[in-house]
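Structure record follows, encoded as structure tokens.
Below, chain A is the first sequence line, B the second, and so on; all start at residue 1.
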2 protein chains.
Amino acid sequence: MTPQRQLVLDAVGELEHATPEQICRRVQRSTPSVNITTVYRTLDLLEDLGVVQHTHLGHGAPRYSTRPQEYLRLACHRCEHVIEVDAGELDGLSTTLRAHYGFELDPTHVALSGLCAACARNE
Amino acid sequence: MTPQRQLVLDAVGELEHATPEQICRRVQRSTPSVNITTVYRTLDLLEDLGVVQHTHLGHGAPRYSTRPQEYLRLACHRCEHVIEVDAGELDGLSTTLRAHYGFELDPTHVALSGLCAACARNE
DNA sequence: TTAAGTGCAAACGGTTTGCATGGAT
DNA sequence: ATCCATGCAAACCGTTTGCACTTAA
């Protein structure tokens, strides 16, 4: 664990759901010399170690967070709003997909896309 | 409908699940002068018209296809393999998310992520 | 004669690479 | 003496923008 790696890990935990760019800016507040390349490399490393994870919200950069929380993300593709819900909502689907296709669903890696309540009303 | 637009639409239908780059190369086989900028602009237009749609498979460029088929995509994040299954698999989840969060799920816009049967076995 | 569609080049956001330096073991 | 982590610059992929040119209403 180098100082840079600790700083990146701390930033991921403090920000939650931040992009690599945001994480880098946070780290640079205390240590401006840290390069974004190191942030990318460290995020990959921490993810291999299983202490952080990333989620894709459709477009744009992935979001990194510390592992323990297992949320399902619902991303509105109109207003970009993200709702986090209990990953247990997917239990039924998980079981079905495993039974029918042998597919092991990872609820955290990709957000589900759709319209949030507010945007759905204005359709 | 300009000639370029017809060519792009044809290419989307012939290729199915192709990236903008692949669509562009296909169009250029018959009409090399067509620029990739035009492909992007045309894909946006055709999507607004509802005749094509795109799906995000986690990483990389989005995939475009002609609209009628309403498939749910299951993307393996280990081997990149994509399984297409009946979007009806999501009916239960759709209902739950609408009831609990007012969220209108769009099953086609983002692929679900996980491990395919083969990769799950080798975990 | 105006508006819309196109091609081209340049910029863009996000990410990865090559390479030389620097510290730890 | 070696190895790995870092910083920096440059390349990269996918996409968007500005602008001048053409074409069709």
Scan [X] against the nucleic acid and name what it touches under 4.0 Å (heavy atoms): base, sugar-phosphate only, or nothing.
X	answer
S33(A)	sugar-phosphate
P62(A)	sugar-phosphate
T2(A)	sugar-phosphate

Checklist line | Note, L115(B) side chain near H77(B) side chain (heavy atom, < 4.5 Å) | finding: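 Yes; the side chains approach each other to less than 4.5 Å.
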Measure the distance from [atom1] on [X] to [atom2] on [N] and round it to the nearest whole Å.
X	N	atom1	atom2	answer
L7(B)	dT6(C)	CG	P	10 Å
D48(B)	dG5(C)	CG	P	12 Å
Q22(A)	dG13(C)	CD	P	14 Å
H56(B)	dT15(D)	NE2	C1'	12 Å
R63(B)	dT15(D)	CZ	P	11 Å
D44(B)	dG14(D)	CG	P	17 Å
L43(B)	dG5(C)	CG	C1'	15 Å
L49(A)	dA5(D)	CG	C1'	15 Å

Item checked: Among dT15(C), dT17(D), dT17(C), the one nearest P20(A) by side-chain distance ->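 Closest nucleotide among those given: dT15(C).
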Notebook entry, point to check: Does E21(A) or T37(A) map to a spot on DNA chain C nearer the 5' end, using the closest nucleotide for each?
Noted result: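 Nearer the 5' end of the strand: E21(A).
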Notebook entry, point to check: Do T55(A) side-chain atoms and T108(A) backbone N/O form a donor-acceptor pair below 3.5 Å?
Noted result: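 Yes: the side chain of T55(A) pairs with the backbone of T108(A).
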Note to self: Among I23(A), L45(A), V12(A), which residue satisfies the side-chain contact (heavy atoms from CB on, under 4.5 Å) criterion with V52(A)?
What the structure shows: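 That would be V12(A); it is the only one of I23(A), L45(A), V12(A) passing the side-chain contact (heavy atoms from CB on, under 4.5 Å) with V52(A).
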May I ask you to evaluate whether [X] reaches the phosphate of [N], defined as a side-chain N or O under 4.0 Å from OP1 or OP2?
X	N	value
N35(B)	dC8(C)	yes
Y40(B)	dT15(D)	yes
T38(A)	dT6(D)	no

Item checked: Heavy-atom closest pair, residues D86(A) and L72(A) ->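 The pair with the smallest heavy-atom distance is O-CB, 4.3 Å.
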Checklist line | Residue met sooner reading DNA chain D from 5', once R5(A) and I36(B) are mapped to nucleotides | finding: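 Checking each residue's closest nucleotide, the 5'-ward one belongs to R5(A).
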Check: For Q4(A) and T38(A), does a side-chain donor sit closer than 3.5 Å to a side-chain acceptor?
Finding: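 There is no such pair (donor and acceptor under 3.5 Å, judged by atom type) between the side chains of Q4(A) and T38(A).
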